[in-house]
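These numbers come from a predicted model, not from an experiment. So that the names make sense, note that chain A is the first sequence line, chain B the second, and so on, each numbered from 1.
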There are 2 protein chains.
Amino acid sequence: MNQSIICPRFEKAVSLLSQRWTTLLIYQLLNGPQRFGTIQSSIAISGRVLSERLKELEHQGIVKRDVIPETPVRIEYSLTEKGFSLEPILKEIENWSQVWVKKEELDT
Amino acid sequence: MNQSIICPRFEKAVSLLSQRWTTLLIYQLLNGPQRFGTIQSSIAISGRVLSERLKELEHQGIVKRDVIPETPVRIEYSLTEKGFSLEPILKEIENWSQVWVKKEELDT
DNA sequence: ATTTTTAGTTACTTTATGTAAGTTATTATA
DNA sequence: TATAATAACTTACATAAAGTAACTAAAAAT
């Protein structure tokens with residue numbers, strides 16, 4: 001039996017990143033602070049789930065929510081330091097995809 | 001509007017890796033070829049979903065299924081070259097988790 | 001002949017996500 | 001002044017994905 005126990009920190013990270021939309025959402029915020037509506041139209045996420053994800057990522061210290069007291073009020077979401085520190089992971093995924101994902105399988 | 005279109009290859013890679021259990025499953029197979037039952041007891045995945053995931057990953061060319069004609073027959077799952085090429089991504093996640101996932105949030 | 005083991009599959013339940021309409025606050029338009 | 005528009009959500013309901021537990025098929029061991 002190959003019963004090596006998986007590190008709980010790793011498991012936690014994986015469970016975060018493997019929630020649907022989370023990785024794409026963070027990737028999108030690497031481009032800078034963005035509003036709810038902008039995020040929503042950049043990835044195909046529904047408002048219901050986007051709202052849920054933003055709250056959870058805020059709770060995990062990955063995303064920051066800022067109320068900008070303009071008129072009308074503007075709400076901006078951005079990455080914290082912890083959020084930005086995920087960039088190398090996303091870049092690895094990006095690299096991998098350039099090498100290994102073929103045109104033919106894009107609609108699989 | 002920050003409407004930069006997300007690369008379809010990247011999206012495809014993300015959608016693969018963000019299916020529940022997929023990352024953990026691949027991580028487990030980095031330890032070498034394993035049988036259905038061994039995988040099942042190393043991560044908390046149900047048989048139903050494990051079977052589904054293995055089929056899909058085989059279809060994506062990430063996992064290989066080998067029937068070993070012993071008696072009784074033995075079935076071994078292992079990573080292909082494409083599968084192994086995901087290792088740097090998993091290592092990045094591992095590194096990140098060591099730095100950023102705190103003990104206190106393990107049960108969050 | 002009966003029980004075990006492995007690698008699944010099936011039927012059913014629970015959870016997650018999608019869809020579309022509604023809410024609150026403010027601003028623009030007729 | 002009344003009506004419509006926009007932004008950032010929330011709510012109720014529908015569909016899809018995952019969990020659970022029982023079942024199956026083939027072979028081997030008792």
Side-chain angles (χ1 to χ4, degrees), chain A residues 1-3 6 11-12 14-29 32-60 63-79 107-108, chain B residues 1-3 6 11-12 14-29 32-60 63-79 107-108:
Chain A
M1 292 243 187
N2 210 329
Q3 216 48 303
I6 292 175
E11 268 197 79
K12 168 83 182 183
V14 166
S15 84
L16 255 173
L17 293 172
S18 67
Q19 289 209 84
R20 199 181 293 188
W21 301 113
T22 297
T23 304
L24 239 39
L25 172 43
I26 293 167
Y27 184 77
Q28 192 57 26
L29 288 178
Q34 275 165 72
R35 307 174 69 167
F36 193 94
T38 310
I39 299 171
Q40 200 177 186
S41 51
S42 70
I43 59 186
I45 194 172
S46 70
R48 204 185 72 54
V49 175
L50 178 53
S51 163
E52 201 173 292
R53 287 292 181 279
L54 286 169
K55 274 181 198 153
E56 196 189 337
L57 290 173
E58 209 190 331
H59 182 245
Q60 302 289 336
V63 161
K64 190 162 50 83
R65 179 183 191 270
D66 289 304
V67 178
I68 296 173
E70 289 179 351
T71 176
V73 82
R74 199 153 54 90
I75 307 224
E76 266 190 6
Y77 293 95
S78 56
L79 295 178
D107 18 53
T108 315
Chain B
M1 293 245 187
N2 209 328
Q3 216 49 301
I6 293 176
E11 269 199 75
K12 168 82 184 185
V14 166
S15 83
L16 254 173
L17 292 173
S18 67
Q19 289 209 82
R20 200 181 293 188
W21 301 114
T22 298
T23 305
L24 240 37
L25 173 43
I26 292 167
Y27 184 76
Q28 192 58 28
L29 287 179
Q34 276 165 71
R35 308 173 70 167
F36 193 94
T38 309
I39 299 171
Q40 202 177 187
S41 49
S42 69
I43 58 186
I45 193 174
S46 70
R48 204 184 71 57
V49 175
L50 178 53
S51 162
E52 201 171 293
R53 287 293 180 279
L54 287 169
K55 273 181 198 155
E56 197 189 335
L57 290 173
E58 208 189 331
H59 182 243
Q60 303 289 337
V63 161
K64 191 162 50 83
R65 180 183 190 269
D66 289 305
V67 178
I68 296 174
E70 288 177 355
T71 176
V73 80
R74 198 152 57 90
I75 308 224
E76 266 191 5
Y77 293 95
S78 56
L79 295 176
D107 18 52
T108 316

Axis-to-axis angle between the two ends of the helix from C/dA1-D/dT30 to C/dA30-D/dT1 (five base pairs per end, rounded to 10 degrees):
20°
Over how many whole Å does the gap from A/Ile45 atom CD1 to C/dA16 atom C1' extend?
12 Å
Any side-chain heavy atom of B/Gln60 sitting closer than 4.5 Å to one from B/Leu16?
yes
B/Glu52: which residues meet the side-chain hydrogen bond (donor to acceptor under 3.5 Å, both in side chains) condition with it, sequence neighbours left out?
B/Arg48
Please list residues of residues 18-27 of chain B whose heavy atoms come under 4.0 Å from any atom in DNA chain D, ordered by number; otherwise none.
B/Arg20, B/Trp21
Can you name the side-chain hydrogen bond (donor to acceptor under 3.5 Å, both in side chains) partners of A/Gln19, sequence neighbours left out?
A/Glu56
Roughly how many Å is it from CD in B/Gln40 to P in D/dA18, rounded to a whole number?
16 Å
Heavy-atom distance under 4.5 Å between the side chains of B/Ile39 and B/Leu29, does that happen here?
yes
If I take atom CD in residue A/Glu70 and atom P in nucleotide D/dA7, what distance separates them, rounded to the nearest angstrom?
13 Å
Which heavy-atom pair separates A/Val73 from A/Ile68 by the least distance, and what is that distance?
CG2-O, 3.5 Å
What nucleotide, of D/dT11, D/dT10, D/dT20, holds the atom closest to the side chain of A/Arg48?
D/dT11
Find the distance B/Glu56:CD to D/dA18:C1' and express it as a whole number of Å.
14 Å
Between the protein and nucleotides 3-7 of chain C, are there any N/O to N/O pairs under 3.5 Å, and if so, what are the atom names and distances?
| unit_1 | atom_1 | unit_2 | atom_2 | d |
| --- | --- | --- | --- | --- |
| C/dT6 | O3' | B/Arg35 | NH2 | 3.0 |
| C/dA7 | OP1 | B/Arg35 | NE | 3.0 |
| C/dA7 | OP1 | B/Arg35 | NH2 | 3.1 |
| C/dA7 | OP1 | B/Ile75 | N | 3.4 |

For B/Arg74, enumerate each residue passing the salt bridge (charged side-chain N to carboxylate O under 4.0 Å, His left out) test, keeping only those at least two apart in sequence or located in another chain.
B/Glu70, B/Glu76
Which residues pass the salt bridge (charged side-chain N to carboxylate O under 4.0 Å, His left out) test with B/Glu58, not counting sequence neighbours?
none
A/Lys55 side-chain N/O to D/dA8 phosphate OP1/OP2 under 4.0 Å:
no
State which residues pass ring-ring contact (aromatic ring centres under 6.0 Å, His included) with B/Tyr27; sequence neighbours excluded, sorted by chain then number.
A/Phe10
A/Glu52 CD to C/dT17 C1', in whole Å, measures 8 Å
Work out which heavy atom in B/Thr23 is nearest to a heavy atom in B/Leu17; give both atom names and the distance.
OG1-O, 3.0 Å
Could I get the full list of side-chain contact (heavy atoms from CB on, under 4.5 Å) partners for A/Ser15, not counting sequence neighbours?
none
Is any side-chain heavy atom of A/Ile43 less than 4.5 Å from a side-chain heavy atom of A/Leu50?
no
Round to the nearest Å and state the distance from B/Leu50 atom CG to D/dA17 atom P.
18 Å
Short side-chain N/O contact to D/dT10 OP1/OP2 from A/Ser51, under 4.0 Å
yes
